[in-house]
A.B. asks: 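Handing you this structure, nothing more for now.
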Amino acid sequence: MRILIIGGGIAGSAAALALHKAGFEAAVYEAHPKNGEDLGAFLTLASNGMRSLGQLGAAEAVAGLGFPLTGLRLLDATGATLADTPLGGRDDPLTRFRCLRRADLAAALQQEVRRRGIPINHGARLSSLTEDAAGVTATFADGRTASGNLLIGADGLNSKVRSLISPAEPRYAGQKVFYGYTTEAPQAEDSEQITMIRGSATAFGAACSPTGQTYWFARVTSPRATADEIATMTSSQWRDHLLPLVEPDNTPAAAIIAATSDQLMVTNAVDLPLGLRWHTLRTLIIGDAAHAASPATGQGASMAMEDAVVLAKALRDAPSMSGALADYERVRRPRVEDNIAASAALSAGRPPARDGADSRPVALSDDELARQLEWRTPLPTR
Ligand SMILES: Cc1cc2nc3c(=O)[nH]c(=O)nc-3n(C[C@H](O)[C@H](O)[C@H](O)COP(=O)(O)OP(=O)(O)OC[C@H]3O[C@@H](n4cnc5c(N)ncnc54)[C@H](O)[C@@H]3O)c2cc1C
């Protein structure tokens, strides 16, 4: 079976590794001429993401990136410690949480894809597709075409593939997200620990690399930043906008933000509606294209890696493609939609509802998730 993967970001590269491991012929088509554009922001790769990569033999490829996080300290606006907990997977360097730049993660995964002989076609921006019982054909903006048995849309938040099979626009989740880096923070955080702060007007997080660079973010409930503001406002203007919101609190946040000079950027937190159609006969969307969540739970990249493993297992084991796509959706939808809802709740300042409250599915237990991800184990039948 020949599988076309549209998008060579986190989901597309992980899917290429997983489908190749399952014995399929996969090829990646990435719009950007090189590795892809990037804001320079960082993300947290959680232990479930690392475990997923481990099932693909690719955990080593990212275990040297960024730095590990083994503990989480939660403070309130007075600086009091509310919780001090170990993070999952901390005992194994290949399953530890990692804090790393998205661009480095994407580049490492693409390199691993190439190392395994899977083609990545850069500068291939999908513009349309056609499908029938015989196959699916993708047409790219430069006139190139490619045909296969299945097309995977891993083309991110503003997915072209989604617009063709299940049009839906990302929704503003109510928060601007500030990201910054500084080597000048007066009190560096403990290495391997992420400090999260429930401030009076922000949700703040910071971690310090072993080389002394503090990575931080702040989520602020506010009207969305306009395209003009994002294009024209400088780091120092955004810093001066943010500082008065954290200064009243008795926490390390204000000093870290004040010590940030030119490496500060802002995005709008967005997510996708629940219940989108994910597939047709021969086309499927995965990753942010299907289930982008606002960043509050920090699970975007890890969910994309889980998608890859479950999809490859479904296609490997099901007797038909339609059965495989149905199996994939049955297993993945509760998990990723729970994440969208939990992240939306956090962004709105509500604790995430659990245990079926809010008419939402119950989150998976660790054992259930491990069974879904374990390469040799078939997917659960119900
Ligand atoms: C620039 C950028 C910065 C990000 N920063 C953060 C962050 O700081 N924290 C966080 O948690 N998450 C961040 N994310 C999101 C995070 O990377 C995703 O949640 C997660 O990695 C899922 O990845 P994905 O592969 O589904 O989507 P993406 O990582 O967005 O990858 C999609 C890929 O598809 C390509 N593409 C798009 N349209 C087409 C087309 N028509 N044809 C072919 N290829 C196409 C894009 O160039 C891109 O390489 C960022 C994403 C981007 C693109």
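Just follow the structure's listing: the first ligand is 1, and inside any ligand the first atom is 1.
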A.B. asks: Hey, does the Lys NZ or Arg CZ of Arg316 hover above the aromatic six-ring of Trp375, less than 6.0 Å from the centre and inside 45° of the axis?
C.D. replies: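 Verdict for Trp375: a cation-pi partner in Arg316.
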A.B. asks: If we set the cut-off at 4.0 Å for heavy atoms, which region of Ala11 has an atom near ligand 1: side chain, backbone, both, or neither?
C.D. replies: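 The part of Ala11 near ligand 1 is both the backbone and the side chain.
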A.B. asks: Below 4.0 Å from ligand 1: does a non-hydrogen atom of Ala124 turn up there or not?
C.D. replies: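 Contact present.
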A.B. asks: Taking distance alone, with no angle check, do Ile6 and ligand 1 share an N/O pair under 3.5 Å?
C.D. replies: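 N/O-N/O distance under 3.5 Å: no.
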A.B. asks: Under 3.5 Å between any N/O of Ile10 and any N/O of ligand 1: does that happen in this structure?
C.D. replies: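 Right, the criterion is met.
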A.B. asks: I'd like to know if the side chain of Ser159 and the backbone of Asp155 have a donor-acceptor N/O pair within less than 3.5 Å.
C.D. replies: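 Such a contact is absent between Ser159 side chain and Asp155 backbone.
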A.B. asks: So is Asp288 polar-close to ligand 1, meaning N/O to N/O under 3.5 Å?
C.D. replies: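 N/O-N/O distance below 3.5 Å exists for this pair.
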A.B. asks: Indicate yes or no: does an N/O atom of Gly287 lie under 3.5 Å from an N/O atom of ligand 1?
C.D. replies: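 Not met; the criterion fails.
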A.B. asks: For ligand 1, note which part of Lys160 has a heavy atom under 4.0 Å away: side chain, backbone, both or neither.
C.D. replies: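 The part of Lys160 near ligand 1 is the side chain, not the backbone.
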A.B. asks: Which of the atoms of ligand 1 are close to Leu43, meaning less than 4.0 Å from one of its heavy atoms?
C.D. replies: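 In order of number, 9 (N), 10 (C), 11 (O), 12 (N).
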A.B. asks: Checking side-chain polar atoms at under 3.5 Å, does Ser365 have a donor or acceptor matched by the opposite partner on Glu368?
C.D. replies: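 Judged by distance alone, the side chains do pair up.
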A.B. asks: The criterion is salt bridge (Lys or Arg N to Asp or Glu O under 4.0 Å); which residues satisfy it with Arg277, sequence neighbours excluded?
C.D. replies: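 With neighbours one apart ignored, the set is empty.
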A.B. asks: Below a 4.0 angstrom heavy-atom separation, can you tell me which part of Ser159, side chain or backbone, both or neither, approaches ligand 1?
C.D. replies: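 It is neither part, as no heavy atom is under 4.0 Å.
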A.B. asks: For Ala269, is there any backbone N or O sitting under 3.5 Å from a side-chain donor or acceptor partner on Lys176?
C.D. replies: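 No; zero donor-acceptor contacts below 3.5 Å.
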A.B. asks: With distance as the sole criterion, is a donor-acceptor pair present between the side chains of Ser235 and Asp262 under 3.5 Å?
C.D. replies: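 On atom types as modelled, these side chains do not qualify, holding no pair under 3.5 Å.
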A.B. asks: Which ligand 1 atoms are under 4.0 Å away from a heavy-atom of Tyr29?
C.D. replies: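 What qualifies from ligand 1 is 43 (C), 44 (N).
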A.B. asks: So do Gln299 and Asn48 actually touch side chain to side chain, heavy atoms under 4.5 Å?
C.D. replies: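 The answer is yes, as the side chains (C-beta and beyond) meet within the 4.5 Å cut-off.
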A.B. asks: Tell me whether ligand 1 is touched by Ala154 - counting only heavy atoms on the residue side and a distance under 4.0 Å.
C.D. replies: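 Ala154 counts as a contact of ligand 1 under the 4.0 Å cut-off.
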A.B. asks: Tell me the contacting part of Tyr179 for ligand 1: side chain, backbone, both, or neither, using a 4.0 Å heavy-atom threshold, strictly below.
C.D. replies: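 The part of Tyr179 near ligand 1 is the side chain, not the backbone.
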A.B. asks: Would you say Leu126 and ligand 1 have an N/O pair spaced under 3.5 Å apart?
C.D. replies: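 Between Leu126 and ligand 1, an N or O pair is found under 3.5 Å apart.
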